[in-house]
Amino acid sequence: MEIRRFKIGDESALFRVFFSAIHVIASRDYTRDQIEAWAPADLDPKLWENHVRDIRPFVVEADGEIVGYADVQPNGYIDHFFVSGSHPRQGIGSLLMNRIHEEASLLGIDELTSDVSKTAEPFFVLHGFHVVQRRFPIRGGVTLQNALMRKELKRRT
């Protein structure tokens, strides 16, 4: 597996990862209506392209296929963190989380935060995050459940 920065042209492969992560992996914790509202098949491609270009994620490739991606923003917020539904439990998430921590250290970030799905919450806990607040965002008229999670980082002196 190789981890690299996002590049223009990755957008549709990242959508496939996002879509499969939610429709395959998260489907055990969310209803069909919640899954469809969170990751609709007809999501506007232009909006998607603009968003992933803005967040500039790290991308994991295995055998030339994009199998996961995640970002960390300059304020320490992790907006997207997804592993392909066809590649769960293969170390991809840990590889991404380690890279996020390296980037946070380089940027002098002292805490990481993210709005985390019920499915991803145990993984984030395993990596030192704790729940700050339970949230119930509404997507397409459907209420979802997630948690704002935070991790304090040790600053290098």
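Worth knowing before you read on, the calculation uses all heavy atoms, side chains too, and leaves out hydrogens, waters and symmetry mates.
At least one side-chain heavy atom of H23 sits less than 4.5 Å from a side-chain heavy atom of R32. Here the side chains of I78 and F129 are in contact, with some heavy-atom distance below 4.5 Å.
With hydrophobic clusters built from ILVMFWY side chains whose heavy atoms lie under 4.5 angstrom apart, V83 shares a cluster with L112. By the criterion of side-chain heavy atoms lying less than 4.5 angstrom apart, applied directly or through intervening Ile, Leu, Val, Met, Phe, Trp or Tyr residues, I66 is not grouped with I3; the two fall into different hydrophobic clusters. Criterion: ILVMFWY side-chain heavy atoms under 4.5 Å apart, direct or through other members. Under it, I25 and M97 are not part of a common hydrophobic cluster.
Rounded to the nearest 0.5 Å, atoms CG (N98) and CZ (F58) are 12.0 Å apart. Here the straight-line distance linking atom CD of E111 with atom CG of L153 works out to 8.0 Å at 0.5 Å rounding. Separating the NE2 atom in H51 from the CD atom in E11 is a distance of 12.5 Å, to the nearest 0.5 Å. With rounding to the nearest 0.5 Å, the separation of CZ in F81 from CG in D115 is 14.5 Å. Atom CZ in F123 sits 11.0 Å away from atom OG in S117 (nearest 0.5 Å). Interatomic distance, CD of E103 versus CG of L96, reported as 12.5 Å (0.5 Å rounding).
Just one of R150, Q73, K151, M149 meets the side chain to side chain contact (heavy atoms under 4.5 Å, CB included) condition when paired with T113; it is R150. Screening D29, L144, I22, T143 for a side chain to side chain contact (heavy atoms under 4.5 Å, CB included) with Q34, the sole residue that qualifies is L144.
Residues I8 and R53 share a closest heavy-atom pair of CD1-NE, 3.4 Å. Contact between R139 and P137 at its shortest, heavy atoms only, is NH1-CB, 3.7 Å. For the pair P40 and F19, the tightest heavy-atom approach, listed with the atom from each and the gap, is C-CE1, 4.1 Å. Heavy atoms only, all atoms of each residue included: S114 and Y77 are closest at CA-CE1, 3.7 Å. Annotation for P57 and L14: closest pair CG-CD1, 3.9 Å, computed over non-hydrogen atoms. Nearest heavy-atom pair across V17 and G68 is CG1-CA, 4.0 Å.
Below 30°, between 30° and 60°, or above 60°: for F18 and W48 the angle between ring planes is between 30° and 60°, a tilted geometry.
Formation of a donor-acceptor pair under 3.5 Å by the Y30 side chain with backbone atoms of K118 is found in this model. Under a 3.5 Å cut-off, the side chain of S84 and the backbone N or O of V67 do not form any donor-acceptor pair. The closest donor-acceptor contact from the side chain of H80 to the backbone of V52 lies at 3.5 Å or more, if one exists at all. With hydrogens and angles ignored, the 3.5 Å screen pairs a side-chain donor or acceptor of D71 with a backbone N or O of D79. The backbone N or O of H101 sits nowhere less than 3.5 Å from a side-chain atom of S105 that would complete a donor-acceptor pair.
Under the 4.0 Å criterion applied to side-chain N and carboxylate O atoms, R16 and E65 are not assigned as salt-bridge partners. Using a 4.0 Å cut-off between charged nitrogen and carboxylate oxygen, K46 and E49 count as a salt-bridge pair.
Atom CZ of R5 is surrounded by more than 12 heavy atoms from other residues, nucleotides or ligands within 6.0 Å. Atom CG of N75 is surrounded by more than 12 heavy atoms from other residues, nucleotides or ligands within 6.0 Å. Atom CZ of R4 is surrounded by more than 12 heavy atoms from other residues, nucleotides or ligands within 6.0 Å.
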